[in-house]
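The model shown is predicted, which means the values in this text are computed figures rather than measured ones.
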Amino acid sequence: MRALALSITGNRGVAIAIASAQWVARFVAVVLVIATFNFVLVHAAPGDPAQVMAGQSGSADEQMLAQLRAEYGLDKPYPVQLAIYLKRIVTLDLGYSYRQQRSVLSLIGERLPATLLLTCSAFLLSLAAGVSLGTLAGVRAGKWSDTALTIVSLLLYAMPVFWLGLMLVLLFSVKLDWLPAFGYVSIGVPMTPLQRIGDIAAHMVLPVVSLGAVLMAIYARLMRSAIIEVAHQDFIKTARAKGLKRGQIIMRHMLRNAVLPVVTVAGMQAGTLVGGSVVIETVFAWPGLGRLTFDSVLQRDYPLMLGIFLVMSVIVILLNFLTDTIYRIVDPRVSLRAAS
């Protein structure tokens, strides 16, 4: 029996190792394909980095342009530039920013924490609020509270994100003076570590609410529909027949089954949330990747643009993998189907 158990454990370990190696190989292949598409699309866009740099320096003659193109490798054929770029990616070298004269990796490393803080907070807030409100609307379907929540969800979904952000600034910053309007932290104000955390949290409120409002409306509508559908299933009727309390039925039976569509959509939306933070970061002057992307596009800073796009793509891939993992935890039937 012991030998059989060791054999089973060993076979399972080999299977896990093979699956992990296959996932890593697919991950690398997908990243390289995405990097190639990013390179082609960025270089197909109109504009020349050499002309932008020469124009801003006040010298845009042909000799200066030729010197800049040779210095940054822009005079080489596109296939050669692509090969050099992919070789750098394999060695985790994202290049050098034309405009800021710094490593792309260091620039992204400075801005990424602020973007992740903003997007993760908005995602968690929208998910928690959307699931809670959707559940409340679903269990009270047809009542006035359901109608009110439905109207609020539709209004939030219809509002442009930048307009909602500006309206929140006008109300809570300009008129009521409750919250700071722009930035990440108050500049030039001496603070203790605890006060700094509170100051950052205060600066986060408006951009987080603005960014998460639309997602919250989507999750609330999905959760409401799922709760209504699950409420008519046979296992819910059986739970009621057993005499379980309403709260137990909702928490133990309804939520776990109704949350599956929300998990699927949330996994897809989480990736787009990172890229969609450009507008909110611009509106609220948030020092994250969104503003850095906007500046790099205006300056035609190809290495910085490609580096940001690649990092965002990797984040999206990892979030999709995390979504699949969470889906299997929430619904074990997925793992059984995959195994069969």
Side-chain angles (χ1 to χ4, degrees), residues 27 30-31 34-35 38 89 92 94-95 97 100 102-131 161-162 164-165 168 179-180 182-187 193-194 196-216 218-219 262-263 265-297 301 303-326:
F27 174 79
V30 170
V31 169
I34 290 174
N38 287 341
I89 288 178
L92 300 180
L94 299 183
S97 172
Q100 304 199 36
R102 289 180 56 191
S103 167
V104 171
L105 201 58
S106 64
L107 287 170
I108 294 176
E110 287 180 358
R111 301 293 190 96
L112 184 59
T115 294
L116 291 179
L117 179 63
L118 175 64
T119 54
C120 289
S121 301
F123 177 72
L124 293 176
L125 174 66
S126 63
L127 190 60
V131 169
V161 175
F162 69 91
L164 177 61
L168 291 177
L179 296 167
F182 307 108
Y184 175 76
V185 67
S186 300
I187 300 175
L194 189 60
R196 182 178 176 85
I197 293 175
D199 186 64
I200 294 174
H203 281 82
M204 287 175 56
V205 173
L206 295 184
V208 165
V209 172
S210 302
L211 189 60
V214 174
L215 292 183
M216 183 195 71
I218 295 173
Y219 300 153
V262 180
V263 171
V265 175
M268 295 185 293
Q269 293 288 345
T272 59
L273 196 64
V274 178
S277 64
V278 176
V279 175
I280 287 298
E281 290 187 8
T282 303
V283 169
F284 290 95
W286 189 264
L289 281 183
R291 287 195 64 200
L292 190 64
T293 304
F294 183 73
D295 294 337
S296 65
V297 171
D301 196 341
L304 186 54
M305 277 193 289
L306 291 172
I308 294 173
F309 295 160
L310 182 65
V311 169
M312 288 183 175
S313 301
V314 170
I315 292 175
V316 171
I317 295 173
L318 294 177
L319 287 174
N320 287 332
F321 173 74
L322 181 62
T323 302
D324 292 339
T325 304
I326 294 175

Fill in the blank from the handout: Shortest non-hydrogen pair, Gly165 vs Ser210, comes out as CA-OG, 3.3 Å
Exercise for the section: Please answer whether the main-chain N or O of Ile280 pairs with a side-chain N or O of Trp286 as donor and acceptor at a distance below 3.5 Å. Expected result: no
Fill in the blank from the handout: Rounded to the nearest 0.5 angstrom, the CD1-OG1 distance for Ile315 and Thr119 is 7.5 Å
Problem - Nearest-0.5 Å distance that lies between atom CG in Leu318 and atom OG in Ser313 - result: 11.0 Å
Problem - Between CG on residue Leu107 and CG on residue Leu112, distance to nearest 0.5 Å - result: 12.0 Å
Practice task
Any chance you could measure Leu116, atom CG, to Ser121, atom OG, to the nearest 0.5 Å?
Solution key: 10.0 Å
Exercise for the section: Start with the C-alpha distance between Phe309 and Thr293, add both sets of side-chain angles, then the distance that settles side-chain contact (heavy atoms from CB on, under 4.5 Å), and finish with yes or no. Expected result: CA-CA 9 Å; Phe309 295 160; Thr293 304; 4.0 Å; yes
Practice task
Answer yes or no: is there a donor N or O on one side and an acceptor on the other, between the side chain of Thr115 and the main chain of Leu289, under 3.5 Å?
Solution key: yes
Problem - Set of residues satisfying salt bridge (charged side-chain N to carboxylate O under 4.0 Å, His left out) with respect to Arg196, sequence neighbours excluded - result: none
Exercise for the section: With rounding to the nearest 0.5 Å, note down the distance linking CG in Leu105 to CG in Leu92. Expected result: 8.0 Å
Practice task
For residues Leu179 and Ala202, report the shortest heavy-atom separation together with the two atoms involved.
Solution key: CD2-O, 4.0 Å
Handout entry: Closest heavy-atom pair and its distance - Ser97, Val104
Key = N-CG2, 3.8 Å
Fill in the blank from the handout: In short, Gly288 meets Glu281 closest at the heavy-atom pair C-OE1, 3.1 Å
Exercise for the section: Quick one: closest heavy-atom pair of Leu304 and Ser296, and the distance? Expected result: CD2-CB, 3.8 Å
Exercise for the section: Can you label the angle between the Tyr219 ring and the Phe123 ring as parallel, tilted or perpendicular, going by 30° and 60°? Expected result: perpendicular
Exercise for the section: Compare all side-chain heavy atoms of Leu164 with those of Val214 and state whether any distance is below 4.5 angstrom. Expected result: no
Fill in the blank from the handout: When rounded to the nearest 0.5 Å, the distance separating CG of Leu94 from CD1 of Ile108 is 5.5 Å
Completion exercise
In terms of heavy-atom contacts, Val209 and Leu168 come closest through CG1-CD1, 4.0 Å
